[in-house]
Number of protein chains: 2
Amino acid sequence: MREGPDIARIASLVGDPARANMLNALMGGTALTASELALEAGVSLPTASSHLSKLMEGGLLTLASQGRHRYYGLASAQVAGMIEAIIGVAEAVGPKRVRPGPRDAAMRVARVCYDHLAGEQAVAMLDRLFDRKLLLREDNEIRLAPSGASHFTALGIDIHAKARRPVCRACLDWSVRRSHLAGTLGAAILDKIIAEKWARREKDSRAVVFSPKGRQEFERMFLA
Amino acid sequence: MREGPDIARIASLVGDPARANMLNALMGGTALTASELALEAGVSLPTASSHLSKLMEGGLLTLASQGRHRYYGLASAQVAGMIEAIIGVAEAVGPKRVRPGPRDAAMRVARVCYDHLAGEQAVAMLDRLFDRKLLLREDNEIRLAPSGASHFTALGIDIHAKARRPVCRACLDWSVRRSHLAGTLGAAILDKIIAEKWARREKDSRAVVFSPKGRQEFERMFLA
DNA sequence: CGCATGGTTCGATCCTCATCGAAGCATTCC
DNA sequence: GGAATGCTTCGATGAGGATCGAACCATGCG
């Protein structure tokens, strides 16, 4: 009964929610580590690792080891194209969009992504930082502008707090499907938001909820 | 954690072997009945029915009721395109082609498809019947030529044995991915092959195994 | 060297879902 | 109407696989 290509095998790899989330997160083109993918998928590290082995074995991912980090990325543009095609069908047949619960709504606005902020707020912030020339786009990379370095330092944000990681990195946003800011700067900004008590993390969730005053402060500093 | 389109849902629909086989069978563009799809997928009718409900609910199929027959077809070209994309990836990552067992090899050569013959033999036969102008292509349909009618009657093949079904129909071949002959004529030819003992059906399989002498007879009559 | 951190493997648990037989509908034929 | 055919629903069974905690490797840091 089996014929040529085993399409069920490939499709079932994408057919698990956790794996689908990982693949979706990788659609931005940026390779991610197992920990990051575990957080994005909302599963534990062992579970994520198991999924990643399967995706590797299925030929959907490539792996680049750098020191003790292992960066997973999509194997090819063909794989990305397949996922796009599936997304297209899912969008076409799924106008039965599930009513987003309050939790989900909060997540869409702002949530933690690994160690930095994600969601509409984060995407808007990155846009503004570009507008204000505090950050610069270079190909697919993000660089800190000279004016930006002094700016963030003046705000009390220590950019080099956690060295040995890139200062700026783009990270594709789930809900908005556009990039937000990762890297040590992204992490430092999230740290400041929490330290200043502008927002608190929702328990057992990745949602980040701003207080009215905190939101004002945040918008004044990053969205102005 | 859920965002817009539920890609895992769609992918998992394709990710079951039985459903994948059904979808693959429908890639020829011909709508098929539940029974035919059950045979193609190698599952029982209840199982097939359950799968078809799921595919319908997922929006991948359309249903056209004609009398007591229910014809299932792919919902859209977009769905077909998605399946093509998945097939492409499966072919690209799967040069680890499983060694075809003897059973599989036999299936590729000749097997039963519903009530008619499929496989390399069947595809070759249809080609020859066109060459000899016993059948005529008309758009996507197949018609019995006048010379064909008398020809088959002379061979002792009763074309009208099971009336109320089209005499000729194209059916996409799994292993060869080209059409073979279905319809009452296709069924009558298979009946003759079995009746003349040119071949026997493999137990618990769809494979059709020709005897050396039977193959000679068959080739003389249909592949000459 | 020992410690910390990023990842994987192992083992046990649990749950979803594919499967089929039997029974039930629906439609058509006689 | 009654019988036959095509298909679906129901119920019970079983297997695959997703999940996580704990233990185990590997790499880099002091």
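All values derive from a computational prediction rather than experimental measurement. Every chain is numbered from 1 and lettered A, B, ... according to where its sequence line falls, protein lines coming before strand lines.
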Just by protein heavy atoms under 4.0 Å, how would nucleotides 15-22 of chain C read 5' to 3' in B, S and -?
-> ---SSBBB
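Residue Y72(B) places none of its side-chain N or O atoms closer than 4.0 Å to OP1 or OP2 of dG6(D). Distances shorter than 4.0 Å separate some side-chain N or O of R70(B) from OP1 or OP2 on dT8(D).
In this structure, CG of L52(B) is placed 14 Å from C1' of dT9(D), rounded to the nearest angstrom. The separation between M56(B) atom CE and dT9(D) atom C1' is 16 Å, rounded to whole Å. Atom pair L63(B):CG and dT27(C):P shows a separation of 13 Å (rounding to whole Å applied). Note: CD (E36(B)) to C1' (dC7(D)) measures 13 Å, nearest angstrom. The CG-P distance, from L39(A) to dG7(C), rounds to 11 Å in whole Å. Atom pair L61(B):CG and dC7(D):P shows a separation of 14 Å (rounding to whole Å applied). Here dG16(D) presents its P atom at 17 Å from CG of L13(A), a figure rounded to the nearest Å.
Contacts of A38(A) classified as side chain to side chain contact (heavy atoms under 4.5 Å, CB included), with partners at least two apart in sequence or in another chain: A48(A). Residues forming a side chain to side chain contact (heavy atoms under 4.5 Å, CB included) with K54(B) (at least two apart in sequence, or on another chain): L13(B), R19(B), S50(B). For T47(B), the side chain to side chain contact (heavy atoms under 4.5 Å, CB included) partners two or more places apart in sequence, or in a different chain, are V43(B), S44(B), H51(B). For F222(B), the ring-ring contact (aromatic ring centres under 6.0 Å, His included) partners at least two apart in sequence or on another chain are F218(B). Residues satisfying the side-chain hydrogen bond (donor to acceptor under 3.5 Å, both in side chains) criterion with T62(B), sequence neighbours excluded, are absent altogether.
Within 4.0 Å (heavy atoms only), Y71(B) reaches no atom of the nucleic acid at all.
For F210(A) against A110(A), the heavy-atom pair with the smallest separation is CE1-CB, 4.0 Å.
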